[in-house]
Amino acid sequence: MFMMFERRKPLFTISVAAEMLDCHPRTLRIYEEEGLVHPHRRNNIRYYSQDDIETIKKICELMDELSLNLSGVRALFKAANKFHIRLERFIDEMLE
DNA sequence: ATTCTGACA
DNA sequence: TGTCAGAA
């Protein structure tokens with residue numbers, strides 16, 4: 001189907017995640033290639049957690065509110081990691 | 001039916 | 001980023 005559970009947490013297949021985020025599955029795969037999200041995999045199939053969904057929402061916000069492209073987001077992620085900053089808070093502050 | 005990867009008139 | 005082919 002399009003959803004499964006693990007430890008009480010819902011996991012969504014790429015098609016469902018894409019619907020929730022109103023974007024193309026291709027886009028989600030690209031974000032993964034860029035190392036922006038790491039959906040859980042089972043039998044080579046991607047399963048997105050609610051957290052993954054939230055992370056991607058943030059990515060979209062960064063792109064259209066700050067006019068950043070994918071490479072910009074990638075740079076931001078790299079910086080956050082380099083300075084040991086919590087990604088969630090980091091992004092929220094960028095959006096303030 | 002659904003997803004995956006790789007490729008691009 | 002969208003779309004399509006070929007395989008799983």
Side-chain angles (χ1 to χ4, degrees):
Chain A
M1 284 328 166
F2 21 58
M3 178 195 288
M4 67 168 283
F5 289 79
E6 183 169 280
R7 302 199 218 75
R8 259 326 151 77
K9 312 250 176 128
L11 293 176
F12 316 93
T13 56
I14 197 167
S15 62
V16 177
E19 282 183 44
M20 299 189 287
L21 294 162
D22 188 37
C23 69
H24 203 105
R26 182 57 161 65
T27 305
L28 299 184
R29 298 193 177 103
I30 291 175
Y31 290 170
E32 182 179 359
E33 291 173 15
E34 294 296 326
L36 272 33
V37 285
H38 316 290
H40 176 274
R41 281 221 191 193
R42 192 128 149 165
N43 303 316
N44 200 40
I45 291 182
R46 285 173 254 257
Y47 287 102
Y48 296 80
S49 67
Q50 189 57 55
D51 282 348
D52 292 327
I53 303 294
E54 297 308 315
T55 298
I56 297 170
K57 281 183 183 175
K58 298 291 187 182
I59 294 173
C60 294
E61 287 183 71
L62 284 173
M63 296 203 281
D64 46 52
E65 309 223 356
L66 298 181
S67 300
L68 290 180
N69 54 28
L70 252 195
S71 57
V73 176
R74 192 197 307 128
L76 228 43
F77 274 46
K78 184 177 294 183
N81 177 65
K82 177 172 183 176
F83 296 107
H84 310 88
I85 297 172
R86 262 195 61 248
L87 199 56
E88 299 302 313
R89 182 194 305 169
F90 185 65
I91 293 178
D92 287 333
E93 291 183 8
M94 286 300 292
L95 295 170
E96 284 179 2

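What you see is a predicted model; the values in this text were computed from it and never measured. So that the names make sense, note that chain A is the first sequence line, chain B the second, and so on, each numbered from 1.
The OH-P distance, from A/Tyr48 to B/dC4, rounds to 7 Å in whole Å. Taking atom CD1 on A/Ile14 and atom P on C/dG2, their separation rounds to 12 Å, with Å as the unit. One interatomic measurement links the two molecules: CD of A/Glu33 to C1' of B/dG6, which rounds to 10 Å at whole-angstrom precision. In this structure, A/Arg29 atom CZ and B/dT3 atom C1' are separated by 6 Å, rounded to whole Å. The distance between atom CD of A/Glu32 and atom C1' of B/dG6, rounded to the nearest whole Å, is 15 Å. In this entry the distance linking CZ of A/Arg42 with C1' of B/dC4 reads 18 Å, nearest Å. Remark: C1' of B/dA1 and CG of A/Asn43 are 17 Å apart, rounded to the nearest angstrom. Here C/dT1 presents its C1' atom at 15 Å from CD1 of A/Ile59, a figure rounded to the nearest Å.
For A/Ser15, whose side chain is taken as the heavy atoms from C-beta onward, the closest listed nucleotide among C/dG2, B/dC4, B/dT3 is B/dT3.
Other residues, nucleotides and ligands contribute more than 12 heavy atoms inside 6.0 Å of the CG atom of A/Asn69.
Contacts of A/Tyr47 with the nucleic acid, taken as non-hydrogen atoms under 4.0 Å apart, are absent. Backbone-only engagement by A/Arg41 is indicated by non-hydrogen atom pairs under 4.0 Å involving sugar-phosphate atoms exclusively.
Side-chain contact check for A/Leu70 versus A/Tyr31: some heavy-atom pair is nearer than 4.5 Å. The closest side-chain heavy-atom distance from A/Thr55 to A/Glu88 is below 4.5 Å. Contact annotation: the side chain of A/Phe77 approaches that of A/Ile91 to within less than 4.5 Å [non-hydrogen atoms, C-beta and beyond]. The side-chain heavy atoms of A/Val37 and A/Leu28, taken from C-beta on, include no pair separated by under 4.5 Å. Side-chain contact between A/Arg41 and A/Glu32 is present, with heavy atoms from C-beta onward closer than 4.5 Å.
Contact check, A/Thr13 against B/dT2: no side-chain N or O comes under 4.0 Å of OP1 or OP2.
Summarising the base pairing, B/dC8 is matched to C/dG2 through a Watson-Crick or G-U wobble pair whose two defining distances lie under 3.5 Å.
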Protein N or O to nucleotides 3-8 of chain C N or O, pairs below 3.5 Å:
{"residue": "C/dT3", "atom": "O4", "partner": "A/Arg26", "partner atom": "NE", "Å": "3.1"}

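Closest approach of A/Phe90 to A/Ala80, counting heavy atoms only: CD2-CB, 3.5 Å.
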